[in-house]
Amino acid sequence: MLGDGVWLVALPWVAMELGGDSSDLAMVVGAEAVGLISCVLVGGALADRFPRKQVV
């Protein structure tokens, strides 16, 4: 869990360190959010339709 938390902070930080401005930072954070939301939605739909052992 610590690595997940550090990842959320480190990715935007690296974007800023590489010379990105505020719009680049927004794209990085937005892409991260889209990936997270899409995986959560697909995982939730699968968990609702199939038995737990089959999903895991």
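Just so you know, these numbers come straight off a predicted model, no measurement behind them.
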Not counting sequence neighbours, which residues clear side chain to side chain contact (heavy atoms under 4.5 Å, CB included) with Leu36? List them please. Val40

Asp48: side chain to side chain contact (heavy atoms under 4.5 Å, CB included) partners, not counting sequence neighbours: none

May I ask you to list the residues sharing a hydrophobic cluster with Ile37, side-chain cutoff 4.5 Å, ordered by chain and number? Leu41

Which residues share a side chain to side chain donor-acceptor pair (under 3.5 Å) with Ser23, sequence neighbours left out: Asp21

Residue set satisfying side chain to side chain donor-acceptor pair (under 3.5 Å) with Glu17, at least two apart, ordered chain then number -> Trp13

Share the residues that join Met16 in a hydrophobic cluster, the rule being Ile, Leu, Val, Met, Phe, Trp or Tyr side chains under 4.5 Å apart at the heavy-atom level. Leu25, Val29

Using links of under 4.5 Å between side-chain heavy atoms of ILVMFWY residues, direct or through other members, which residues join Val34 in one cluster? none

